[in-house]
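To start, the structure under review is shown below, and the notes come after it.
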Amino acid sequence: MKFIRVILAIIVLSAITLLFLDFSGTAASAWSFLAKWQLIPAILSLNVAVMSGLLIATLLLGRVYCSVICPLGIMQDIVAWISRRIHRRKHYSYSPAISWLRIAMLSIFVILITLGMASIAAFIEPYSEFGRIVTSLIKPLYVDANNILAANEAADSYRFYHVDYHVALPMVIVGATTFLIIAILAWRGGRSYCNTICPAGTILGYLAQYSWLRPMIDHSKCVSCGACARKCKASCIDARHGAIDYTRCVSCMDCLDSCSKHAIIYAPRTSARHHTHDHEGETAPSGNSTDRSRRDFLTVGALLAGSAAISAQEKIFDGGLAPITEKLKPNRRTRITPPGSVSHRNFSSHCTACQLCVTSCPNNVLRPSSDISTFMQPEVSFENGYCRPECNTCSNVCPAGAILPLTREERTTTQTGHAVWLRDACIAATKGVHCGNCARHCPTGAITMVPVDPDKPKGIAIPAVDTERCIGCGACENLCPVRPYSAIYVEGHEVHRSI
Amino acid sequence: MSPHNDSTIISRRNFLRTLGAAGISASILACKRKAGIDTHEISSSASQSSSNAGTGPMTMRENPSSGDRVSILGYGCMRLPETTNASGEKIIDQEQVNHLTDYAIEHGINYFDTSPVYCKGKSEHAMGIALSRHPRNTYYIATKLSNFAPATWPREESIKMYRNSLKELRTDYIDYLLLHAIGQGGMESWNNRYIDNGILDFLIAERSKGKIRNLGFSYHGDIEVFDHLLEMHDKEEVKWDFAQIQLNYLDWHHAKEINPRNTDAEYLYNELHRRGIPAVIMEPLLGGRLATANDHVLEEFKRRRPDDSVAAWAFRFAGTPEGVLTVLSGMTYMEHLKDNIRTYSSLEPCTPDELSMLSNAADYIVKFPTVPCTACQYCMPCPYGLDIPAIFAHYNKCINEGRVPTSSQDPEYATLRRAFLIGYDRAVPRLRQANHCIGCNECVKHCPQSIYIPGEMQKIDAYVEQLKQGTL
């Protein structure tokens, strides 16, 4: 049983990690469903199929979700396993459930979500925490390795190609802090995060009490040696009383092998010949340390969020080429959310900031926001690329319903914002330069070049934006020759429209 | 019989089968006539040849209306060799013209095409000198009534031009007389030049007198005139003994892309052929454009026929249709003359497989002309930061290597698309790519090759967009 669990867990963890690392679109098209199987995103996106699937699985098998589907859970198992390999003597011990903290955390989570503050709730959402860890800590190394391979590749080979990937400092801090906290908790106490803070763990825990299959102690064989409790990373086996707290058991099957008397079996509760006590003890809270570090982490994150928007500026000077000034983000009055996000409201109330869309975006358009109200949620900006008409990647990968799936046709008719022309900055208007690069690249033909002098139809022309046809893709902003601030930029719309 | 001769016969058998009955009699006669001719010079250069070019006699075609046996290679006298005289003026190098003419006649060429306007009006005179040194019945003279200037539209002026041709060419009859470049100027010009002044009737009368052995026209431009002339033929108002059209493997299907005024050679040829009017072919090399090829096409050519020049493919293509009487080539240099003689002695018509290969090559050439950038860097630095030579280098490289997908239906589309786009990002940083060209035209005045750089940039950008959006 344990063997199956470990194999499945390794497969799922590798696949989800690859999903976040891969930039070629292969993983996103092949197994982005793994992201959609995640509990909280499925609830946020009202994915009935996944929700009922997980409900049935939990009612049948217990909290197997936490052991084989949740990447953060599997990650903790690995950390805990390493810690037990290093400190051989170290063992777990039973601790009473801290139910008030679990309920409190879940309530806060639910309230934040209902208030549309998913970006704050996201701090304790396990799947997106994992996403942030991978995209901020591992992906930069992965991309660097790829780029080294790409740089050393033979001229006629196109296996590897250069990719631009930048993580802003606040995200690295968030990712690193998340990882440290989770890893320390797992190192010391196995699944303590899952059984005190994680909202998914709490929801599934209370369901798992009623699961059909469960580990049960055969009291006729049990000698109360406590070997199983020492092996239980969820600290849920009360060996002294021969009871298992099923709200905390993640069905890892470790206890089954630990019992020399074969007194623990994984079997249907209906066949329970041997009574097992359900344990509902309430003891003094032991989650103080966790809470404190969480508070620290929030403070650090918030402090750095504002200051660290200055990302490393890439300056390329190569002799005969004119230097190019980096583009800077314009001061948008209304932010832009990705096509498919329907509205700001829908977006901020669903997005758990897992970064899957950010890491999947092939055009470098999405990045985590450093704005405090939408912190870590992706934002759209066009300094490094624009939202290309043929691309609907983010809408296909989003598991949480924050970006709903769009076909390519729908994508090109979804208006996420509109272009605003700045006469004073435009070189056609101020310097009399023939340009029209915005009009030439507008995928919907929303920009017309209008001659300044009506008598000279071929003379200098300035762009006129038909805001009804503009979809806010940012091609004009990205390709505008004026730097660092483009002479045409996109203002977002709070509610998206179809044109 | 030596193996060498064996192979000649086999190729001749193929060739005869292809040519059909008319060709058979012509070539057998030609064979007899040419027996013992000095082909040493030609065949020695081709002794290791993969093909049988240069190993047989010049292919001959028969004109059904006059029974003339015309060499498939015709000598175009539009670009006769020049030299500089004592006072520094460019004049026709008569000595070289004589030499080329002698060599051509000696190797079976018997059709010489000139006009009163060629070589600043000196072509007829020079050819008159060169040709009159040979018996008049060993060659055919083609010249034209080139009454383009309104001053030559009056009947007397046109007749004067015709009579002058006879004088310059030192002959009392013209084998092939063409109404020159009908279609230029449309129906109006046609009426002015030939109908209203009664010149067409005059020329028809000259034909019945035997002064003109074959009467035809050369066509450029307005298709209405071409169709009108064929309608006249259908109504038996006039019988055209031949017609001269532009034909090559680009013009066969892509005439409009090369010049919007032109019409596909396939149409022109078929219209003539179904009426039994033999076609004289001009521009088989499309002004020299088909004498070179990009690497991708070249590779295919060389793989199939390693010893043939690029031009040879164009000449074989032009000579392949059975209704072609002769293919004109303006051979200024002996090397061209020799190469063409080799191609047509004897002509191996293109196989259906080769024709389809040439058709693909034409699609490719028309769609993807390389940019003649020499990377001299004069245009740099671009004020908007583009790396102009690098963009052209990548584009040309892909075209030359044949690694440019022409449609999403290409079997290798996905691979080629990937290679093109990744290669583009590798060759040129994204911020320096073609989509950043705003068309300020700053570079245009610096380009010694007169490349319209912004136009090329936008073309490349549009192509990249097609690849990226998958709309190719």
Side-chain angles (χ1 to χ4, degrees), chain A residues 24 147 150-151 153-164 314-327 362-364 383-386 388-391 408 411-412 426-428 431-441 443 449 460-461 475 478-483 487, chain B residues 375-391 394 397-398 401 403 408 414-444 454-455 457-459 461-462 464-472:
Chain A
S24 68
N147 288 349
E153 210 175 25
D156 56 345
S157 167
Y158 300 95
R159 233 171 325 153
F160 299 102
Y161 52 92
H162 184 89
V163 184
D164 283 324
E314 211 181 324
K315 284 198 167 63
I316 313 163
F317 290 102
D318 12 25
L321 296 163
I324 299 175
T325 321
E326 288 267 309
K327 284 230 178 216
N363 302 310
N364 290 322
E383 289 84 79
N384 306 319
Y386 63 94
R388 292 196 48 89
E390 73 277 5
C391 178
R408 278 177 56 167
R411 186 263 160 276
T412 48
C426 180
I427 51 170
K431 295 184 186 160
V433 177
H434 276 283
C435 180
N437 215 34
C438 49
R440 197 157 39 243
H441 290 94
M449 295 307 287
I460 300 296
N478 178 245
L479 296 173
C480 175
V482 182
R483 292 166 175 274
Chain B
C376 71
Q377 311 275 345
Y378 287 6
C379 55
M380 297 293 282
C382 160
Y384 294 92
L386 273 80
D387 191 345
I388 299 168
I391 296 168
H394 171 67
K397 180 172 167 274
C398 290
E401 291 172 355
R403 300 187 60 78
S408 53
T415 323
L416 294 180
R417 176 182 182 271
R418 184 179 167 86
F420 188 98
L421 293 177
I422 294 175
Y424 189 34
D425 284 349
R426 268 187 208 169
V428 191
R430 285 204 168 172
L431 286 176
R432 302 193 183 280
Q433 292 182 354
N435 56 357
H436 290 277
C437 171
I438 69 160
C440 71
N441 287 350
E442 202 51 41
C443 49
V444 178
M457 285 295 157
Q458 284 164 24
K459 238 165 53 188
D461 181 32
V464 169
E465 276 302 305
Q466 282 185 314
L467 281 188
K468 285 190 175 172
Q469 297 186 21
T471 51
L472 193 66

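Letters go in sequence order (proteins before strands), and every chain restarts at 1. Just so you know, these numbers come straight off a predicted model, no measurement behind them. The analysis underlying the following values was restricted to heavy atoms, covering all of them including side chains, and did not include hydrogens, waters or symmetry mates.
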Engaged part of B:Gln458 at the chain A interface, taking heavy atoms whose separation is under 4.5 Å: side chain
Sub-4.5 Å side-chain heavy-atom contact between B:Ile438 and A:His434: no
Should A:Val433 and B:Glu442 count as side-chain neighbours, where that means a heavy-atom distance under 4.5 Å? no
Segment of B:Asn441 engaging chain A (4.5 angstrom heavy-atom cut-off): neither
Decide, yes or no, whether a salt bridge links A:Arg440 with B:Glu465 under the criterion of side-chain N to carboxylate O below 4.0 Å. no
Name the region of B:Asn435, side chain, backbone, both or neither, that has any atom closer than 4.5 Å to a heavy atom of chain A. both
May I ask you to decide if A:Gly385's main-chain N or O and B:Arg430's side chain share a donor-acceptor pair within less than 3.5 Å? no
For chain B, which candidate among A:Glu390, A:Lys327, A:His162 shows the most heavy-atom pairs at distances under 4.5 Å? A:Glu390
Side chain from CB out, backbone as N, CA, C, O: work out which of these in B:Leu386 comes under 4.5 Å of a heavy atom of chain A, or both, or neither. backbone
Minimum heavy-atom distance B:Pro381-A:Ala322, with the two atoms named: CB-N, 3.8 Å
Determine whether a donor-acceptor pair (N or O, by modelled atom type, separation under 3.5 Å) exists between the side chain of B:Arg418 and the backbone of A:Tyr158. yes
Chain B heavy atoms under 4.5 Å from A:His441: which part of the residue, side chain, backbone, both or neither? side chain
Rounded to the nearest 0.5 Å, what separation is found between the CG atom of A:Leu321 and the SG atom of B:Cys382? 9.5 Å
In Å and rounded to the nearest 0.5 Å, what is the CD to OG1 distance from B:Gln469 to A:Thr412? 9.0 Å
At a heavy-atom distance under 4.5 Å, which candidate from B:Ala419, B:Pro383, B:Cys440 has the highest pair count against chain A? B:Ala419
Taking all non-hydrogen atoms of both residues into account, name the closest pair between B:His436 and A:Leu479 and its distance. CE1-CD2, 3.7 Å
Minimum side-chain heavy-atom gap A:Ile427-B:Tyr384 below 4.5 Å: yes
